[in-house]
Amino acid sequence: MKTVGELDVLVRDLPAAHGAAWAPAASPPPPVPVAGPQGPAAETVLAVCSSATRKGRWRPGALIRAVSVLGDVSLDLTEAVFEQQVTEINVSCVLGNVDIVVPENVTLRGYGGGVLGNFEVTDGSAAGADPQAPVVIVRGFALLGNVEVRPKRGSRVTDLAAKLRGRPGT
């Protein structure tokens, strides 16, 4: 038996409590959507007159917002576990600094600019491009601030599943 309709056959001849007919239990509420109308839910790293850092072993989402207002944001993706092929980072920097470091075999793409500031994306994957490695897209602006995105030499994204199976990773 898998449906309420199939169970109805089994309980049809049972007396109903207080003369009321049996009714199925209320269905659970629908799950809360992870994505809104603008796309996937975003993780926000915010620094207002302060600093914010994400580093070490962490799982960045498909969309990250980095906001710096008179502060410093540091995102270190060198030990991150990428669960998707493309990760997009939207940066807003006003009178602050945003520093993003990725493994050297990740493909970087930058779309943005600076107004009396600096928006610099250095892609070092051209020499040893890895088609299986993740792509990190950085979009945004720097107003009287500095946004710098660069690969860290010697750090590479590896295939963790292959390591667990005993095969060399990529």
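Quick caveat, the model's predicted, so the values are computed rather than measured.
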Could you tell me the separation between the CG atom of Leu63 and the OG1 atom of Thr44, rounded to the nearest 0.5 Å?
8.0 Å
Is there side-chain contact between Val73 and Val67, with heavy atoms separated by less than 4.5 Å?
no
If only atom types and distance count, is the side chain of Glu43 paired as donor or acceptor with the main-chain N or O of Ala62 below 3.5 Å?
no
Can you tell me how far CG of Asp99 sits from OG of Ser74, rounded to the nearest 0.5 angstrom?
5.0 Å
Side chain to side chain, Leu77 and Val106, heavy atoms closer than 4.5 Å
no
Partners of Asp72 by salt bridge (Lys or Arg N to Asp or Glu O under 4.0 Å), sequence neighbours excluded?
none
Run the salt bridge (Lys or Arg N to Asp or Glu O under 4.0 Å) test against Glu120 and tell me which residues pass, sequence neighbours left out.
none
Whether the side chain of Glu83 engages the backbone of Gly61 through a donor-acceptor N/O pair (distance < 3.5 Å, no angle test) should be reported.
no
Residues in salt bridge (Lys or Arg N to Asp or Glu O under 4.0 Å) with Arg109, at least two apart?
none
Any link between Val98 and Val121 through a network of hydrophobic side chains (Ile, Leu, Val, Met, Phe, Trp, Tyr) touching at under 4.5 Å?
yes
Is any side-chain heavy atom of Phe141 closer than 4.5 Å to a side-chain heavy atom of Ser92?
yes
OG1-CZ distance between Thr87 and Arg59, expressed to the nearest 0.5 angstrom
12.5 Å
From Leu70 atom CG to Leu95 atom CG, the distance as rounded to the nearest 0.5 Å:
5.0 Å
From Arg150 atom CZ to Thr122 atom OG1, the distance as rounded to the nearest 0.5 Å
8.5 Å
Below 4.5 Å, heavy atoms only, C-beta onward: do Arg139 and Val91 meet side chain to side chain?
no
